[in-house]
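Before any comments, here is the structure.
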Amino acid sequence: GENVEQHPSTLSVQEGDSAVIKCTYSDSASNYFPWYKQELGKRPQLIIDIRSNVGEKKDQRIAVTLNKTAKHFSLHITETQPEDSAVYFCAASIRGGGNKLTFGTGTQLKVEL
Amino acid sequence: DAGVTQSPTHLIKTRGQQVTLRCSPKSGHDTVSWYQQALGQGPQFIFQYYEEEERQRGNFPDRFSGHQFPNYSSELNVNALLLGDSALYLCASSLSTSPSQYFGPGTRLTVL
């Protein structure tokens, strides 16, 4: 089955700096890659997603890039703010016949003042 | 427009008991997926329901079962509870025509 690895497990940045979180997946059939933000005690919140026919997608301060050949995708957050502090999860799924999401192990992002 | 809701919020059970968790999907959504999230880990897929049938299942034992009702709401049942079943149980809803899944607030299950 699909396996998703995520790095780093913790990331500390200064406010205003950029943050990058990387994930790799094992199943070349995977074609949908969402990112979720989970604050302590809250539900995972879908913040951005990308499909395999697109190499990059941007939404204000966040962007996701996908390299299908290398089977990896990354989340980029620019101009980080304290409210960006949370755990971020990447996931992968194979579209069609169900959308089972396989999640990475999460990255604890801390934005320091 | 109501988002995904789950009940109860918290639940405490003892080993061997049975539990039922409930989920109402986002308005207009027809597919419900269930995930188990242990402390400090990513969610693990349990199963997905569409058109009142289990469409896909993860690596969970038969003690975990579910149901989807005609109004698209869903239940997750766990029999013969084990200490290791203690976790946050998340429901996610989606449209069958879209891969995007939206999570509910979860039910925190503690097994003593």
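The chains referred to below are lettered A, B, ... by the order of the sequence lines, with proteins before strands, and numbering in each begins at 1.
Around the CD atom of A:Gln14, the shell of radius 6.0 Å holds more than 12 heavy atoms that belong to other residues, nucleotides or ligands. Counting heavy atoms of neighbouring residues, nucleotides and ligands inside a 6.0 Å radius, atom CG of B:Asn71 exceeds 12 of them. For B:Arg15, the CZ atom sits in a loose shell: 12 or fewer heavy atoms of surrounding residues, nucleotides or ligands are nearer than 6.0 Å. Residue A:Glu79 places its CD atom among 12 or fewer non-hydrogen atoms of other residues, nucleotides or ligands, all under 6.0 Å distant. Residue B:Lys13 places its NZ atom among more than 12 non-hydrogen atoms of other residues, nucleotides or ligands, all under 6.0 Å distant. Within a 6.0 Å radius of CD in A:Glu83, other residues, nucleotides and ligands contribute more than 12 heavy atoms.
Using modelled atom types, one side-chain atom of B:Gln101 and one backbone atom of A:Asn99 make a donor-acceptor pair closer than 3.5 Å.
Contact of A:Pro44 with chain B is made through backbone and side chain together, with heavy-atom distances under 4.5 Å. Contacts of A:Gln38 with chain B are made by side-chain atoms alone, with heavy-atom separations under 4.5 Å and no backbone atom involved. With a 4.5 angstrom heavy-atom cutoff, B:Tyr35 touches chain A only via side-chain atoms. If you measure heavy-atom distances from B:Ser98 to chain A, the contacts under 4.5 Å come from both the backbone and the side chain. There is no contact between B:Thr31 and chain A, counting heavy-atom distances below 4.5 Å.
In the hydrophobic clustering of this structure, A:Val54 groups with A:Ile47; members are Ile, Leu, Val, Met, Phe, Trp, Tyr whose side-chain heavy atoms approach within less than 4.5 Å, directly or through other members.
Annotation: the span from B:Gln44 atom CD to A:Lys100 atom NZ amounts to 8.5 Å, rounded to 0.5 Å. The distance from atom CG of A:Leu101 to atom OG of B:Ser33, rounded to the nearest 0.5 Å, is 7.0 Å. Atoms SG and CZ, on B:Cys91 and A:Arg43 in that order, are 10.0 Å from each other to the nearest 0.5 Å. Distance check: A:Phe103 CZ to B:Phe45 CZ gives 11.0 Å after rounding to the nearest 0.5 Å.
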